[in-house]
Amino acid sequence: MSVISVLAARRAESIGNHVSIQGWIRTRRDSKGGFSFLEVNDGSCMGNIQVIADQSLENYEDEIKKLTAGCSVTVVGEVKESQGKQATEVHAASVAVHGWADPEEFPLQKKRHSFEKLREWAHLRPRTNTFGAVARVRNCICRSIHNFYQERDFLYVHTPIITASDCEGAGELFRVTTLDMEDPPRQNGRIDYALDFFDRPSFLTVSGQLEAEIYATALGKVYTFGPTFRAENSNTSRHLAEFWMVEPEVAFCDLDGNMDLAESFLKRIFRDVLEQCPEDMQFFNDRIEKTTIETLTAIVDSDFERVPYTEAIDILEQCGKQFDFPVTWGSDLQSEHERFLTEEHFGKPVILFDYPRTIKPFYMRVNDDEKTVRAMDVLVPKVGEIIGGSQREERLDVLESRMVEQELQPEEYWWYLDLRRFGTTPHAGFGLGLERAVQFVTGMANIRDVIPFPRTPGNAEF
Ligand code: 4AD
Ligand code: MG
């Protein structure tokens with residue numbers, strides 16, 4: 001007899017098989033006819049398997065009739081055709097109880113809790129329908145990410161988590177140190193990081209891009225996919241202090257090629273989720289965001305709008321809408337502006353490109369107009385920016401002057417400049433925030449509910 005998943009047991013092909021099922025009780029209902037219905041879930045899918053446990057089972061009175069939500073069981077029995085809504089049910093030959101969950105104390109006994117409340121129970125929330133579905137969809141997206149790049153012969157490279165450079169130049173870094181913070185060594189009144197573990201100030205990475213560029217300019221097409229960290233003190237529904245980012249980087253690629261890659265990449269993820277997680281997606285569509293399946297299906301079949309930043313500013317200035325933040329050429333777009341463009345004006349994903357040089361990092365390629373750089377942001381409804389990327393500056397002299405302009409020390413980036421000294425090539429890449437992608441696909445309103453253990457200001461308990 002084999003242990004099979006609830007997912008497998010719910011398929012009609014399993015009818016007639018003697019199987020073992022292991023999972024957690026969702027509900028128990030006792031029938032007058034001398035048997036009980038147990039709904040068992042094991043996380044393999046949204047749905048439960050219905051188990052019929054007859055009073056003839058030796059532990060029926062002592063144990064089975066005391067089962068409540070959260071108890072763990074192994075059920076051995078035969079899969080039979082069901083008269084109910086589901087295709088199958090299991091007629092138990094035995095029900096072994098592994099662990100009880102006192103209904104007076106088990107927090108998930110009550111049917112519905114708010115997502116805010118469930119955040120306090122990050123250790124129990126994966127046992128709910130919503131968080132199980134989020135975990136499965138997140139997993140599907142990760143598989144899709146790897147499949148997409150592997151099928152296109154990108155190399156998966158691992159970039160470091162600890163780094164000495166601030167790729168984005170925004171100063172949102174978490175320091176990594178082994179110095180005694182109570183009594184650090186000092187030099188001229190300042191903490192002497194030359195005496196720290198790495199002999200220099202070091203931090204958790206905000207992006208693997210600079211290291212990905214090293215590999216792309218040697219091996220052609222690469223991607224990195226890992227955790228990134230930002231100490232930005234913003235309590236929004238779209239920011240985490242620790243999030244996962246996938247960053248492809250391609251040699252001999254320009255901004256148009258980069259946009260093409262980003263667009264086919266997102267479409268592939270959306271298509272895979274629709275195909276591979278139909279039950280979970282139906283749940284999100286019914287319970288979380290009524291338009292998510294329709295939106296994703298429409299996106300897969302249509303082209304993204306590609307709009308220069310300057311044109312977007314014109315649209316925003318002329319649209320007649322009152323924004324909280326003023327719109328002026330040269331300032332960064334706020335999420336209200338981004339959402340207006342993608343939700344209201346174009347009604348589809350938008351790729352904005354050619355942003356002012358003053359608001360973008362040093363590594364982006366300067367355009368001939370000298371005022372803009374080859375940046376691109378992909379904006380989607382509800383979430384806003386989901387991807388940020390650019391064609392990289394491959395000209396040594398321009399790159400050096402951009403660093404000076406942004407008050408960076410070119411000497412500290414000598415290795416990055418070497419990529420332009422030796423066999424420089426045009427190249428481009430971007431970063432997709434994994435959680436923003438999960439948010440968009442599921443329609444979950446808060447980014448803290450699409451990562452198992454959210455790290456935000458003041459929150460790191462679990
Ligand atoms: O636009 P960003 O800052 O771009 C970069 O880091 C580039 N180095 C990427 C590259 O070109 N290789 O971040 C990329 C994406 C954003 O579009 C967003 O989806 C996500 O990362 N992101 C965040 N997600 C959650 N919480 C945060 N605090 C995020 N900051 C960025
Ligand atoms: Mg960005």
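Read the numbers this way: they start at 1 and go in the same order the structure lists the ligands and their atoms.
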So among Arg365, Arg420, Arg374, which one has a salt bridge (charged side-chain N to carboxylate O under 4.0 Å, His left out) with Glu394?
Arg365

Side chain to side chain donor-acceptor pair (under 3.5 Å) filter on Glu311, not counting sequence neighbours, yields none

With sequence neighbours left out, which residue pairs that include part of residues 373-413 fulfil the ring pair (Phe, Tyr, Trp, His ring centres under 6.0 Å) condition?
Phe362-Tyr413

Check for me: within less than 2.8 Å of the Mg ion (ligand 2), which protein N/O/S atoms show up?
Glu385 OE2

Classify the side-chain pair Gln150/Tyr223 by whether it contains a donor and acceptor separated by less than 3.5 Å.
yes

Salt-bridge contact Glu412-Arg200 (side-chain N to carboxylate O under 4.0 Å)
no

Test item: side-chain donor near acceptor, Tyr215 and Glu249, under 3.5 Å:
no

Carboxylate-amine/guanidinium proximity below 4.0 Å for Arg357 and Glu393
no

Would you kindly say whether Ser234 and Thr236 are connected by a side-chain donor-acceptor distance under 3.5 Å?
no

Name the residues in contact with ligand 1, where contact means a heavy atom under 4.0 Å away: which are they?
Cys167, Glu168, Ser207, Gln209, Arg230, Glu232, Arg238, His239, Leu240, Phe243, Met245, Glu247, Tyr363, Glu385, Ile386, Ile387, Gly388, Gly389, Arg392, Gly429, Phe430, Gly431, Gly433, Arg436, Ile447

Does a side-chain N-to-carboxylate-O contact under 4.0 Å join Asp256 and Arg306?
no

